[in-house]
Number of protein chains: 2
Amino acid sequence: MSLRHALLGLLAQEPASGYDLSRKFEGDLGRYAWQAGHTRIYPELVKMAEEGLVAVETTGARGRKTYVVTDVGRAELRSWLMSPPDNATVRNETVLRMFLVQSLEPADARILLDSIAEHCDAELARLRPLMADIDRAAGTDGLPFGRLAGEYGVRQYDAVATWARWARERLDAAEAAGRVGTRAVAETG
Amino acid sequence: MSLRHALLGLLAQEPASGYDLSRKFEGDLGRYAWQAGHTRIYPELVKMAEEGLVAVETTGARGRKTYVVTDVGRAELRSWLMSPPDNATVRNETVLRMFLVQSLEPADARILLDSIAEHCDAELARLRPLMADIDRAAGTDGLPFGRLAGEYGVRQYDAVATWARWARERLDAAEAAGRVGTRAVAETG
DNA sequence: AACTCCATGTAACGTGTTACATGATTGC
DNA sequence: GCAATCATGTAACACGTTACATGGAGTT
């Protein structure tokens with residue numbers, strides 16, 4: 001039930017409508033933490049309101065409903081954050097590709113690794129200036145919401161880019177030595 | 001449909017039964033790439049066999065069925081690996097916690113960040129010797145299946161541990177300056 | 001004989017995605 | 001008036017988890 005806690009966390013930061021929340025998932029939150037569309041968010045908010053975790057604060061134009069966290073909701077969020085389970089849910093398609101890169105032919109693996117490195121570089125080029133702007137505006141003593149998460153993204157992409165380049169070198173070395181411990185997946189037909 | 005490609009990738013490496021495959025998901029694959037239980041794997045293998053992506057190689061004792069990838073399956077795996085989508089599926093409970101750490105009171109956030117750093121240290125202590133063993137056995141020119149993925153894990157945990165310590169420092173600095181840009185989630189009742 | 005591990009499966013439920021549907025408001 | 005955006009929802013489907021069920025083979 002992570003969606004519910006994601007919503008609680010966002011609402012703990014500031015009251016928002018289902019529409020607002022669904023757009024937050026389109027940003028960095030959805031990019032590397034958790035994805036959810038409005039079709040899932042709306043019913044979940046209704047359910048959470050029924051359970052007393054959130055409440056409708058205002059009803060505005062176009063049927064807009066603004067939700068706020070209740071004390072019960074805050075307690076639930078804190079309890080969830082403070083007790084991480086041993087086996088957290090992880091489902092990452094990109095990491096899966098990294099696992100399976102060795103089932104490709106070396107030539108294909110090289111192309112894939114290069115494209116991963118480039119993709120990470122592009123994300124870094126987007127994120128780094130953003131973080132610098134935040135620090136410039138708030139100073140290194142300020143800590144706007146999202147700054148820690150953004151930094152996580154930077155370090156994450158940096159690590160993956162470095163990994164991809166390391167992996168390519170290992171692959172090259174293995175191929176030069178004539179022993180790529182893999183059963184290649186060649187194109188057929 | 002990532003499960004299907006995960007299965008294809010594992011079977012491309014070596015033929016296996018549904019039981020074998022389900023146990024592979026219990027290791028590092030499930031720990032940081034993709035999770036799946038046997039109850040999902042068995043029906044998926046049946047479906048993939050119907051579609052000609054895999055085939056039953058042998059039927060052994062206790063009804064054991066060993067699957068192999070077909071040429072069609074290999075082509076499908078290659079095609080999937082070589083065309084990564086713009087918005088890959090990402091669902092990571094731990095990263096979500098990192099996003100929401102700023103909705104905790106500084107004292108709680110500090111405890112959480114410390115526990116994240118410790119958890120990463122523990123994983124590193126487990127993985128690093130494993131990778132060293134592999135390199136010792138295969139040499140730096142050898143590349144056993146899983147070596148690249150294992151290295152990804154090492155770099156990943158290292159990055160998160162460093163991030164957690166950095167985040168703690170930023171949090172300390174912000175609190176010292178008396179401005180933690182967060183609405184704290186305190187315990188109630 | 002009892003226990004554990006191997007090995008496969010079904011059914012119910014929870015969660016997430018895609019497609020469909022509706023209507024208000026704002027900017028041009 | 002038209003298009004874009006805001007704003008909410010439902011229904012069907014896909015995917016994943018938990019609980020339940022069964023039985024063979026090896027070990028003590």
Side-chain angles (χ1 to χ4, degrees), chain A residues 1-8 10-11 15-26 29-51 53-54 56-67 80 85-93 96, chain B residues 1-8 10-11 15-26 29-51 53-54 56-67 80 85-93 96:
Chain A
M1 295 225 280
S2 291
L3 171 61
R4 132 167 332 204
H5 297 104
L7 295 174
L8 283 173
L10 292 173
L11 289 175
S17 68
Y19 185 81
D20 296 336
L21 292 167
S22 74
R23 287 205 307 167
K24 288 190 184 174
F25 280 92
E26 285 167 21
L29 178 64
R31 199 186 303 272
Y32 47 84
W34 206 267
Q35 290 160 339
H38 75 274
T39 55
R40 185 84 196 83
I41 293 167
Y42 288 125
E44 188 64 29
L45 284 170
V46 170
K47 215 173 151 195
M48 286 162 76
E50 278 169 11
E51 293 173 37
L53 297 166
V54 298
V56 177
E57 190 189 35
T58 61
T59 305
R62 278 168 289 189
R64 178 190 168 92
K65 283 183 276 186
T66 312
Y67 288 88
W80 180 80
D86 274 355
N87 54 337
T89 301
V90 175
R91 198 158 286 125
N92 190 319
E93 201 184 304
L96 179 58
Chain B
M1 295 225 280
S2 291
L3 171 61
R4 134 168 330 204
H5 298 105
L7 296 174
L8 283 174
L10 293 173
L11 289 175
S17 69
Y19 185 81
D20 295 336
L21 292 166
S22 74
R23 286 205 306 168
K24 288 189 183 175
F25 280 91
E26 285 167 21
L29 178 63
R31 197 186 304 269
Y32 48 83
W34 207 267
Q35 289 160 338
H38 75 275
T39 55
R40 187 82 197 84
I41 292 167
Y42 287 126
E44 188 64 29
L45 284 170
V46 170
K47 214 172 152 194
M48 287 162 76
E50 278 168 11
E51 293 174 37
L53 297 167
V54 298
V56 177
E57 190 190 37
T58 61
T59 306
R62 278 168 289 188
R64 177 191 170 91
K65 281 185 277 186
T66 312
Y67 288 88
W80 180 80
D86 275 355
N87 55 338
T89 302
V90 174
R91 197 158 285 125
N92 190 320
E93 202 184 303
L96 179 59

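Note that the coordinates shown come from a computational prediction; the quantities given were computed from them, not determined experimentally.
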Worksheet, complete the sentence: Of the listed D:dA7, D:dT17, D:dG16, the closest approach to the B:W34 side chain comes from D:dG16
Item to complete: Quick one: label B:R23 by what it contacts on the DNA or RNA (base, sugar-phosphate, nothing), any heavy atom closer than 4.0 Å.
Response: sugar-phosphate
Discussion item. If you assign B:V46 and B:T89 each to the DNA chain C nucleotide with the nearest heavy atom, which residue ends up on the more 5' nucleotide?
Written reply: B:V46
Worksheet entry | Residue met sooner reading DNA chain C from 5', once A:S2 and B:P43 are mapped to nucleotides | B:P43
Discussion item. If I take atom CD in residue A:E44 and atom P in nucleotide D:dT10, what distance separates them, rounded to the nearest angstrom?
Written reply: 14 Å
Discussion item. Students often get this wrong, so: under 4.0 angstrom with heavy atoms, is A:R40 touching a base, only sugar-phosphate, or nothing?
Written reply: base
Discussion item. Measuring to OP1 and OP2 of C:dT17, would you say a side-chain N or O of B:R91 lies under 4.0 angstrom away?
Written reply: yes
Worksheet item: Rounded to whole angstrom units, what separation is found between the CD atom of B:E93 and the C1' atom of C:dT15?
Response: 13 Å
Response to the item:
Between CG of A:L45 and C1' of C:dG16 the distance, given in whole Å, is 15 Å
Worksheet item: Rounding to a whole Å, what distance do you find between A:E26:CD and D:dA7:P?
Response: 13 Å
Worksheet, complete the sentence: Residues A:Q35 and B:T89: closest non-hydrogen pair is OE1-CA, 3.6 Å
Practice prompt. Identify whether any heavy atom of A:S17 sits under 4.0 Å from a base atom; if not, whether one sits that close to sugar-phosphate; answer base, sugar-phosphate or nothing.
Written response: sugar-phosphate
Response to the item:
With the side chain defined as heavy atoms from C-beta on, A:R62 is closest, among C:dG9, D:dG23, D:dA7, to D:dA7
Worksheet item: To the nearest angstrom, how far is B:Y19 atom OH from D:dG23 atom P?
Response: 19 Å
Worksheet entry | Derivation of the side chain to side chain contact (heavy atoms under 4.5 Å, CB included) call for A:L21 and A:Y67 | CA-CA 10 Å; A:L21 292 167; A:Y67 288 88; 5.6 Å; no
Worksheet item: NA contact type, B:S22, heavy-atom cut-off 4.0 Å: base, sugar-phosphate, or nothing?
Response: nothing
Discussion item. From OH of B:Y42 over to P of C:dC6, roughly how many Å is that when rounded to an integer?
Written reply: 11 Å
Item to complete: Check the distance between C:dG16's P and B:L3's CG and give it to me in whole angstrom.
Response: 17 Å
Worksheet item: Where do B:N92 and A:W34 come nearest, in terms of heavy atoms and distance?
Response: N-CE3, 3.6 Å
Worksheet item: What are the two closest non-hydrogen atoms of B:S2 and B:W80, and how far apart are they?
Response: OG-CZ2, 4.0 Å
Worksheet entry | Options C:dT15, D:dG9, D:dC6, nucleotide nearest the side-chain atoms of A:K47 | C:dT15
Worksheet entry | Value in whole Å for how far the C1' atom of D:dT22 lies from CZ of B:R64 | 19 Å
Response to the item:
Heavy-atom nearest pair, B:R4 first then B:E51, reads NH1-OE1, 2.9 Å
